[in-house]
Each structure stands twice: as C-alpha cells, then as structure tokens.
Colleague: 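Here it is: the structure, laid out below.
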Amino acid sequence: MRPEPTGEQRELQEAVRGLLSREVDPDRLLRWENEPAACDPVLARTVAELGWIGLGLPTASGGGGADLSDVACLVEECARGLLPRPLLGAIRSADALATLDPADPLLPDLASGRGRLALALDEPGGRDPRGWKTALSGPRGARVVDGEKAYVPDAEGSDVHLVAARDGGSTAFALVDRRTPGVSVQALRGFGGDRQGHVGYRAAAVLREIAATDEALARVQRRQAALALAEMTGGMAAVLEMTVEYVKMREQFGQKIAVFQAVRHQVADMGTTFTAARHLAWQTITRIAAGAPRDVEEASAIAWVGQAFKRVCWTAHHLHGGAGFVVEHRLRFHGERAQSLCIRWAPEAPALREIAAALLD
Amino acid sequence: MRPEPTGEQRELQEAVRGLLSREVDPDRLLRWENEPAACDPVLARTVAELGWIGLGLPTASGGGGADLSDVACLVEECARGLLPRPLLGAIRSADALATLDPADPLLPDLASGRGRLALALDEPGGRDPRGWKTALSGPRGARVVDGEKAYVPDAEGSDVHLVAARDGGSTAFALVDRRTPGVSVQALRGFGGDRQGHVGYRAAAVLREIAATDEALARVQRRQAALALAEMTGGMAAVLEMTVEYVKMREQFGQKIAVFQAVRHQVADMGTTFTAARHLAWQTITRIAAGAPRDVEEASAIAWVGQAFKRVCWTAHHLHGGAGFVVEHRLRFHGERAQSLCIRWAPEAPALREIAAALLD
Amino acid sequence: MDYELSPAEAAWRDEVRGFIRRNVDPGLASETRLKGNEGRGPLALRFHRALRDAGWWGIAWPKEYGGLGKSAVEQWIFIDEIESAGAPMLPLTVTSVAPTIMRVGDEQQKREWLPRINEGGIDFALGYSEPEAGTDMASIRTHAVLDGDEWVVNGQKMWNTMAHSATHNWLAVRTEPDAPRHKGLSMMIVPMDAPGVTVQPIWVWPGLRTNALFLDNVRVPRSNLIGDRGAGFYYAAMALNFERLAIGSVGMGRRMFRNLVRLVRERVVDGRPLKDEPWVRERIARLAADLEAGRMLGLETAWAIDQGRMPAAESSMAKVFVSELVQRIADAGCEILGLDGQLHPEEPTALVEGRMQWLYRLAPMLAFGGGTNEVQRDIIGFLGYGLPRK
Amino acid sequence: MDYELSPAEAAWRDEVRGFIRRNVDPGLASETRLKGNEGRGPLALRFHRALRDAGWWGIAWPKEYGGLGKSAVEQWIFIDEIESAGAPMLPLTVTSVAPTIMRVGDEQQKREWLPRINEGGIDFALGYSEPEAGTDMASIRTHAVLDGDEWVVNGQKMWNTMAHSATHNWLAVRTEPDAPRHKGLSMMIVPMDAPGVTVQPIWVWPGLRTNALFLDNVRVPRSNLIGDRGAGFYYAAMALNFERLAIGSVGMGRRMFRNLVRLVRERVVDGRPLKDEPWVRERIARLAADLEAGRMLGLETAWAIDQGRMPAAESSMAKVFVSELVQRIADAGCEILGLDGQLHPEEPTALVEGRMQWLYRLAPMLAFGGGTNEVQRDIIGFLGYGLPRK
C-alpha cells in the first residue's frame, strides 16, 4: 500500500495549483457566478489546452490516456483551487462518454474544449433509473428522444447532451445537440448560482446513440461518484488549510484563537475527519480505477465522505466567524459545493441502505 | 407555568436526600449487589415505614394518596441517592396495581412493606402486548395462568407477581403467589447485578384477576415510563453534580481540570442536556398525572431523556477518568441504570416511530 | 411542577395569534423572507405600525414607559408566535436597546429617546463589532474624544447590519483610553445623518446585507453618551442578553421544520411517498424531539427572568442548543429534499421557497454570531456551574 | 495511490490467519473473554508460547534482537487479526517496553533484558500513573534515591494493571528532585519480588482487575535505571506511542461488531426479524462505515512509521476516533439487543456472551485511558497542524 500520490501525480497537482492560484480568486468567482456561462471563456480555453479535460480520454481521441486515479488527482486539485463548476463538469461528462464509448467521435472536441457535453441523468420523478421515462423511438437513422431531464448540470452552457434513456426494455444513451429543435432548457440556479437546467426533449433528433447495459450505466455513475469523492477531498483539504491559517492569525481576547483549547480541538476533529475521509475516498477511487467490483467499502466511502465534507465546512465556518461569511470568501464556495456534491453524488441514505443489505440480507 | 417542585415536594425530596445520604453508600451498594435480595432488609423496612412505597396509593389502602407528580418527585430523589433498585421497583409495581384497581386488597401490604410485588410484562418473544402468549384459563374460582415472562424485575425477591395475560380476546392481569406450585423463577443478573428473572407459569393458581382493557395496560405502561423519566432526571442530577465537584477539585498539569476549556465545555453540554431533559421529562410526568392524552411531547420526552442520561453519564465517566471507574464509585451505578432504564422504559426507536407517525401519517 | 400556560398566558397567546391572522398575509411573509427577516420593506413597516397601534411595540416594557408590562414568558410567547408565522421580528431597538436605556439612562435620556422609540421614529443599528473585535468586545478601537460639549468619534464598525435603513447607531466607543480595556468603553447614540458617517454594504452568504460603518470626525452631543462613562462594556453585555432571548427562540426553526414536514407529507420521489422512507421518518422525528427540547430551554429562560433572576447560563444554553439545532434542520432539509432542495431561493420552482439551502447558508451565523457558542459554553460553565477561571 | 496490501503483506496476513486457525479455539477465546483480554490464563500462556515458538514474539523487532523485522504495517495486520479473532494480545512488554529499551537502553541493558523478554521470562506491569498523576505524568511523586550501587524507591502507583501476574514493573520514578518537573523522571525496572513491593487489587467497572502498587524502601540495582537519568518522561512518551499503535487498532471493535451483526441476522423479536427494523439497519450501516474509517486511520499510522516518520498526530487521531467509535458500537449493541442485551456476561443465556453491556462498561476507559482524548486532540492540534501553544 501507498496512500499517497505518485511523484507524477504530485507534479500534476502542483501544476494545477499554480495555475489556479493565479487564475481563480473569490472576486472572479463572484463575477462569474453572475455571468450566464458561470465561467470565464479564457480560463475554459486554457484548461482545455493544458489537456485537463482530455486527461483521461483515450490518446486516439486526443486525450491523455490517463487512468481514473490520475483524473481524480486532477479533479481533487481543481476542486481545491475552486475551478469553476462548469469546467469540473466538463471533465466529468467527458469521462462519462469515454466510459460508454472510448471511440466516440465527439471525444476529440471535448478534449480540445471545442465542444462541451452535459450529462442528463435524473428526471423530475426521481433518480432511480428504473423509473426514468425518457425514451428513444423512431426508425434507424431517424431516431428521436422524448422526455424530461431534471437538474442537468451545465444544461444551457453545453453543446451536446448525453441523455440516459429507455430503448425498449434496455438502457441507451442518446447524444443530442442542445440546439436541435425539440430541446428546451429551463435554466435553474442552485447553490451559489450553480448552473443547472430542466430539459425537455420533444421528438429531439438524436445525433448518435450508444447502447448501454444497466452495468454500463452503473459504471458511469460509479466513476462520477469517484470523481465527486475527489472533489470533496480537494475541497476539504482547502478548507482545513485555510482554517488552520486563520486560527493561527486571528486574535481575540489578546491571543491567537488557536490557543483556545475549544478551537484547537475543533481543528483536531476537522483533521481527523479529513484524514479518514481522504483515505476512504482514495481507497474507493483506486479500486474503481482498477475495475474492482462494488463493495461495502465503496458504499462506506460514499456514506462517509460527503458527510465529512459538510462537517468540515460547518466547523470552518464556525471558526472563521464573520470573516468567512462574506460572499467574497473562498470558504463559502466550498460550503456550497459540499452540500450540493453530497446531494447529487454522495447521498448518505442509499449508501447506508446498500451497506445494510450487504451485511444483513 | 412553574417548572419547579412545590414547597411540599421540595420538603419531601430533602427528607429523602437526608435519609439516603446516611443509609446508602457505594460500599453498601456493592455489598448488596452480591446478596441474594440485592437490598438491605432494614433499609427496605425503613423505606416502607416512611410511607415511600405507599405514597401514591389510595389512603383507604394505607397509602399517602399523593398524585403521580409527587410520586415522581420521590422517585427522582430516590434515584439521585441510589436507592437500591428492588425498592424503586416496589414503588413502581405498587403504582401499577393501584392503577389497575385502586381498591385491590394487596395494596395495604405493599404500602406497609409486608408484601412485595413484581410486575411481569415482557415475554421471551418480545415486548409487544399483541404478541404475548401468557394466558388465563379454567373455570371461575379455579383460574390458572400459563406462560412465560422474561426479564421480570425482582421476580425472585417478590411475594406476588402481577402478570399481564390474555383472557380470551382481551387483556387481564393475574395476581399470582410467587410460591404457588407451577411458578418457576430462573434468576438472572443484568447490569451491575440488577435482579431479574425468567418466570414460567404452569397452571399456576391465580390469587385474583383484574380485567383490564388495552387502555388500562397502556395507562400502566405510561405511568411506569413517567416514573422511569423521574429516575433518569434524578440520576442525571446526581451525575452532573458529582462531575462539577470533581472537575473543580481534581488537578492535572498544575491546575484544576475545570480550568481547561475542553473540560468546561463538556460540563456545559452536560448542563444543557440535563436542563432540557429535566423539563421534557417533567412536562410529560405532569401531563400524565393530569390524565392528559398521549401526545408528541410525551414521545419526545421518551426519545430524548434516555439518550440524554446516557450521554451525561458517558461524559461524566470521561471526565472522572480512572477515579470514577472503580466499582466502588457511585458514578458507575448511575451509568448502569442509565442504559438499563433506557432499554426497558425509554427505548428510542419506538418513540421516534410514534413521533414520525403523528407528524407524517 | 406545572408546564401548562396559565389562563392569562394562554389568552395572550390566542390574542397574538389573532393579531397575526389579521395582520400577516402571504405578501408580508414573502417580503420578510426575501429580506431575510432583517429588512424594512413597506409591508414590514405597515406591520410594525399595526403593532404600535395595538400598543404592542414595547410588550415587555414597564407601563410607565408606554409598554404593555408583559412578563418575559409572555414576550417569549409573542416572539415565538411571530417567528413561527414568518412575520417581521420586533426590531432590536425595541427589544434590546430600549430596555437597556430604561435601566441605565438618566432621566433626561429616557425622556429624550424612549417616547421616540415608542412612536417608531427611531431605529438603531447596533455598533459593537469591529474588524479586530468580534466576540472580544473589550478590544474595541473606535474612540470618542470630548471637545467642548461634543464627542468627536473616529473609527470603524463591522456587521453594522441595519445601518443602511437605521436612523441612529447604538455605538460602543472607547472614551477612557487610559482605563483597563473593559472599563474604557461607553455607549453612545450617533445619528446616521451626522456628517462623517459612511456606510458600505457587505453581503454575506445567505444573501443578506450587512454593513461596514466608517466614522470620520463625527460630532455628537455630549448627552448622547448613555448612562455612565466607562460602563459601556457592561451596558452592551446587558443589551446582548436581551437580544439573546430573542435569538434563543425556536420559532424560526419550528416554521422551517413545519414547512419541511408539510412537504414530506406530500412529495413522491421515485414513485414512493417521501414520508415512507424510514430514514426520513427518523430524521423528522429526531428534529421534532429536539425542537421540543429547545422550546423548553427558551421557555425556562423567560420564566427565570420573571422570577427576578438573570438567567445568563440558561439563555446561553438556549442559544447554543437552538443555533446548532437549526443547522441540523437545514442539513436534514437539504438531504431530504435532495436535488429539489438545492435550488436558489429566487428560483420560482424551488421547494419550500429555497428555504432549506438558504437555512443551510444562514445557520453558521447563528452559532458564531451574537457571541460565539464557545463563549456561550464558557458562560454556562462559569455562571451556571461555578467553574473556576484559574 | 494504492490501498491494497502488497503481495508480501497479503501473504503475511494469510499466514497470521492460518496461525490463528491452528492456535485459537473456543476455549482460548472464552478464557480471554473472561479475563477481559488482560489476563494470563493457562490457555493464554500456551498461546503466547506458540507465538514464541513460531518466532512471532517480537514481530516488529529488528532481527538483531531476535525479532522478525516486520514492518509496522505488518505488525498492524497482525494485531488487527489477533484482536479480530478474540485471541490474547501480545503483551505490552513486547510491543511497548522492549522497543523502548532497544532504542534507549545501553548495550549491557539490552543484553540483560531483551533475550529474557524474547524467551517469555519477563512480563512487565506499566508503572506510570499515580493518584495525582494520570494523564499529567510530569507530576509523578514516586521517587528513587541512589544509595551506593542501589536505588531506593518509595511511592505509590495506580492502575498498575498486570502487577499481580507480572515479573517486573516498568516504573517511572523521580530521580532528579531539583530538575524541572519534566526533566526529573527516569525509567526503572523493579522486580515484583523485591522486598517492599506490595500489590493491592482494584476492581473496575467492566469487572477487570487492576492494582495499586506500593513501594516501600524497595532496593534495585543501579543498572536497572534504563538509559539516561532524567530522560524518563520522554522514554515513557515513546513507550506510550508504541502502545497507542495497538490501542488504535479497530480489531476488537470489528469483532464485537461482527458478533452483533451475526445476531441481528438471526434474531426475531416481536415476531419480526430484527434485521428488518429500519433503525437497526441504519445503525449497523453507520457503524460499518465508521469501522472502515477507523481502519484507515490505524493503517495510515502504521504506514507512516514505515516511512520513517513519528506519526504522533496520526496515532492520536486513530486513538480518539476508535475509542469513541467503540462507545457507539456498545451503545448501539445495547439498544439493538434491548432487554436481551443487558444481561451480565456471566449469565449463560446472555446474548453475544454479554459482550455488549460489557463493552458499554469498558468503553469509557478507552477514551480517558492511555492519555485522555483531550490530550490526544491537543497533540493533533500541536503536532499535526502546528497550532501555537501560546
């Protein structure tokens, strides 16, 4: 075992950290939050040019050919440095498409940043694939998709949607041009202006469809969850670091607040939580990367890490007090991402149900 | 509102406190724990003579005619002073009988301490009355009871058992002489030597039977729970008090440990927990005493107070360290009672289920 | 032992509820929600006027100052009902500053300020915090120097929340530079329109506005120093104690929880009623029990005041417990509503009007604001249980 | 990033499991259970002999001292498997005292003690605590004065757990009365059969025996002072760090949890399988996830040692987390088993051999013992995150 990044991974992370510390700051985040694209086009281009979006895509498709662990290292560091969410979403959705079809012709465009893909899974009725109603129909060569997808990240800012749909009795993914007739996006803002959309597909022409088994869908979702775990550990690392710095610097009652035992112990618990969460997360990421079957440890990581991130943020907010509460502070961006990542990719209840079933049934 | 004992109740509690501080100490408790009766006969006689056991019984039956709130004040103080459990059980079971039949001829014996009653409810199959199998049969005047009761407190030390049983389609209570043929007691020790028993009744002659509706059974159980709440607040008060004293006295690292903020905050949380628990408990006790119907607040008290008592004990043990961990220390008696009271009279899960049903269904 | 409201208290509660039925409509609740319960929108001002017309402005003020002379329990009932209904709170001017002036002001100051407060003509922003003085108020640097019959004030305040709509600032300033830190402060009333006062907005996480306040050679009459020179630290603590009583109420938590429960009863997710999820049921039940515990702590605090005690430990208990409970409510709400609960409050389709994610963002402030929970726990230890400081 | 055991580590784990299969039977598990994992019953002694025969006594000792030279991760695997099987632990003599002697003893001391420890001829009780010196070891009053070539020791020790079966005491004593508190202690080996040594039993809550130790003019050879005079505080801290590695293992928690899970799968209460209760399922699932988190903290600590680091913060994290987790396991076990779970361990019908209520009684000790969790959290803050002391 070696619960640490390799030298190469560390170099990658340092490069990311360098760029983001120059290009991302709270004022810009706040500005982007109020722009339609929720992100700076120049930064988007830079990130694509550096190969971040394509890192895990096959080399034949213009990608870096790296495995999921490397992509997770990238994502962890991007999350730490508060890369705008649409760009993190671009890395995510590219991974989803490559998982379904490593030779899809859209991949080079995604890698280069010329195209952006949105991943449309959940529906207004819920998150259980068995209940999804979006469906493919029509003869070969003239296939269309009908249905409604909810809370699709970057629905409006993307060029193509990767839509999970029923195809008769089985599952398929449809690539749909966001601008094709029949696609209507109702833009929605989530936490902190996070861009999402409800998307209606009315006989929307399908660019291409990818037949997928239920296992393929599950594989896509597991990898998405793995990347969410990496986002969470990255966020936690940043939040812990800024809190340690703050309590060492902030004075009250004539001393650094770090000197108060109650403050010190809260930092200690943040540290313990982060340390355990990081290893739980990375054990699962590396196992998924290695193609291991889903296990209780994976469900444990899902159940634990999201809650850990929220707890760490909550303590950080408490220790920062008013200073961390202004909209310009980095901390609140992490606090929003903690809850929204948790809700979307690491809800606790289903993970606990899975653990219980594995142990008791 | 007046969330405090009346002057009379306060006097009663002071009298109890005085006696118990003289008659009960950890060494005696430890000795009694290893005696068959788990209690001192002299103390048992004194307690009966002082009218404690009969306090809530009708005056016509030699009791004090006090209401449930007064009995709960007595029980609270008895628990605070660690009155041996069989004697607390005697107060409890007398209340159960008087609730079922305020004119039962056994009551004067219970009040005077000449007789002791055990309350036999639960069965090996579980705690839900609908599943109890113990049943009455036989012709009038020659009724017998058959069945098995589990974890009956004081089963062996008592003279008479008050046995919940099915009588055809309805519920009844049978008074059974513990020494009558067909009654077999397998003595069991619980936490800290607490005396219980599995009791088999094989065609055991019934002294007397008391027809009881399901509502009457529920009333008995609600009053038992109310008395358990009083035991718990009494225990919590003692534990909080001894912990405050200890942290003010114990020195480590050259100062009173109370000076450490982490210690102070644990005491503060004990105090908050105790304060909320005490009021929750007493709101419910007084409402039950007033004959109010069961409500969400009552279920909340059940769900909250037991957990509070355990939490307070856990913190107290932590702050006492080794000093509170020896078998001779009062603290560990409270720690045992916390968990066993909680298990028997204030299990959290059913109370939470009840709250959820009231709010959501 | 008795936990039921007395007939008089119950009648008062019913009276309050009747007033709320007559004076709170969805428009007001919505305005209050959008202003985060801190604004002074037109409907809020109308509601405040109705309170004054009913003679309910100074509920707990003694009758001699034009108040209703109600008990602390009755004031608690009022605040609880108002919060629970989502109506605008009584301003801190009325519940915190005025009671302090009544206790520490001289006769002339009482005559000058209390009637105007009572008529609604005065609204204070509270000027305690500074960049370097949050919970640690003794570190205040804003200072005032006497020049003839006027104080000349210089300095900066933070989290001066109502500054942009207030008429005056209730300002803690250093007037005795040579005294020990705690003994050098005084409380001073500064009109917002005095030359040299500038307000700069600060936006915080839940979307609320607060302000930085700059004071540059601001001149105020000598008589605007309330009570004794050098006693400001204690006056501010007194005002904060009055304030904490309101913070400790679980009314807002009850309202948020009630909305959540209503939604859980109705919603179907993945073809299954949300209320049939065991984990949802357990979370809801736990919160209900916790809310009842929090209610008890608040009510006891009020009751203790009516017994003539200064319930510093009790009010700290209520503050700590309720602030941390609100965080649990918010988190449970976010988890239970899932993707439906993470929409921004301004999205028309946001469930419970986006209140759960809003509450998630608001909750930290309840714990670190108004004296951090660490300081509250210290107070409980020191004052509630006599733990030694050294 | 890699979290899988290396082939060598996996092979070692399998070897350990094989050894356990061959050498742990229900009789041994039962004896260990009744002695609370601290006793030295005949079967435990036989098991220890088997370990020695296999050359597995000093697993992590360097080969030059007769050890196996295994890595810290491999030792952690061993401890985890042993605990998980309910077999007797390696004595602290081997895992804590001996490694300290190896690092700080002089050559003669190593030659004198290590081979005898390796042969099983020496078993230490650990003499750190005193009535007035629990976690605060610098307050130790037991003292030794040099008289010719002998130390004369006087004083009293508390929680001297193995004293009634040990051959020697590993004693912290004050030898430099004029030095600052931390610099005045030395570590000394005292034979239990030396005149003037008395042992008095102390029974603690979970039914375990520990002891008070009285030293009345006990004379020991000068060479029994291990390493340097005045360095005892640091040596004891070193020994405690070695000890904490073992405490931080989640093996015992895993075993208790496994037994609980087995029972939950089987039991029917009120006509309904216990495993179908949603709250039981949630509690079990939470504990499983927590155990995995605890396992990670322990494993990382061992790994850090193998990287040549002194993982003080990491081992404190594991200690705090696991000790508090065991309390949650115990409480969940008591609640889930209900009346069935509250029987005394000696009752033949007690479920899971009464282990849940026993664990409930044991758990507090894990949190306050071995350096209270407060001190562990201080260590995490100071050493893990560089927080200032002043």
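So you know, we letter chains A, B, ... as the sequences are listed, proteins then strands, and number each from 1.
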Colleague: Please identify, among B:D361, B:L360, B:V305, B:L352, the residue contributing the most non-hydrogen atom pairs under 4.5 Å to chain C.
Modeller: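 Sorted descending by pairs with chain C, the first entry is B:L360.
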Colleague: What part of B:S69 gets within 4.5 angstrom of chain C, counting heavy atoms only: side chain, backbone, both, or neither?
Modeller: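 It is neither, since no heavy atom gets under 4.5 Å.
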Colleague: Answer with side chain, backbone, both or neither: which region of B:E348 has an atom nearer than 4.5 Å to a non-hydrogen atom of chain C?
Modeller: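 Contact with chain C: side chain only.
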Colleague: What part of C:R295 gets closer than 4.5 Å to chain B, counting heavy atoms only: side chain, backbone, both or neither?
Modeller: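 Only the side chain of C:R295 comes within 4.5 Å of chain B.
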Colleague: Report the option among B:T273, B:D269, B:V267, B:V247 that has the most heavy-atom pairs separated by less than 4.5 Å from atoms of chain C.
Modeller: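 Of B:T273, B:D269, B:V267, B:V247, B:D269 has the most heavy-atom pairs under 4.5 Å with chain C.
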Colleague: With a 4.5 angstrom heavy-atom cut-off, is it the side chain or the backbone of B:V263 that approaches chain C, or both, or neither?
Modeller: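 Neither part.
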Colleague: Does B:R287 count as lying over the ring of C:Y3, i.e. NZ or CZ under 6.0 Å from the six-ring centre, within 45 degrees of the axis?
Modeller: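 Output no; distance or angle outside limits.
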Colleague: At a heavy-atom separation under 4.5 Å, does B:Q261 approach chain C through its side chain, its backbone, both, or neither?
Modeller: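 B:Q261 touches chain C through side-chain heavy atoms alone.
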Colleague: Between C:E374 and chain B, which part of the residue has a heavy atom less than 4.5 Å away: side chain, backbone, both or neither?
Modeller: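 The answer is both parts of C:E374.
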Colleague: Taking side chain as everything from C-beta outward and backbone as N, CA, C, O, which of these in C:R389 sits under 4.5 Å from a heavy atom of chain B? Side chain, backbone, both or neither.
Modeller: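 Looking at C:R389, just its backbone touches chain B.
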Colleague: Chain C heavy atoms under 4.5 Å from B:A357: which part of the residue, side chain, backbone, both or neither?
Modeller: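 Backbone plus side chain of B:A357, per the 4.5 Å heavy-atom cut-off to chain C.
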Colleague: Please state whether the side chain, the backbone, both or neither of B:W282 comes within less than 4.5 Å of a heavy atom of chain C.
Modeller: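 Both backbone and side chain.
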Colleague: Report yes if the side chains of C:M252 and C:L362 come closer than 4.5 Å at any heavy-atom pair, otherwise no.
Modeller: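 Side chain of C:M252 against side chain of C:L362, heavy atoms only: contact under 4.5 Å found.
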Colleague: Let me know if C:L297 has heavy atoms under 4.5 Å from chain B in its side chain, its backbone, both or neither.
Modeller: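 It is the side chain, since no backbone atom gets that close.
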Colleague: Looking at the rings of C:W56 and C:W12, which for Trp means the six-membered one, are their centres under 6.0 Å apart?
Modeller: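 Yes - the distance between ring centres of C:W56 and C:W12 falls below the 6.0 Å cut-off.
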Colleague: With a distance cut-off below 6.0 Å to the six-membered ring centre and an angular limit of 45° from the axis, does B:R311 pair with B:W304 as a cation-pi contact?
Modeller: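 Verdict for B:W304: a cation-pi partner in B:R311.
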Colleague: Check whether B:I302 gets within reach of chain C through its side chain, its backbone, both or neither, counting any heavy atom under 4.5 Å.
Modeller: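 Interface part for B:I302: neither.
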Colleague: Pick one of side chain, backbone, both or neither for B:Q9, based on which atoms fall under 4.5 Å of a heavy atom in chain C.
Modeller: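 Looking at B:Q9, just its side chain touches chain C.
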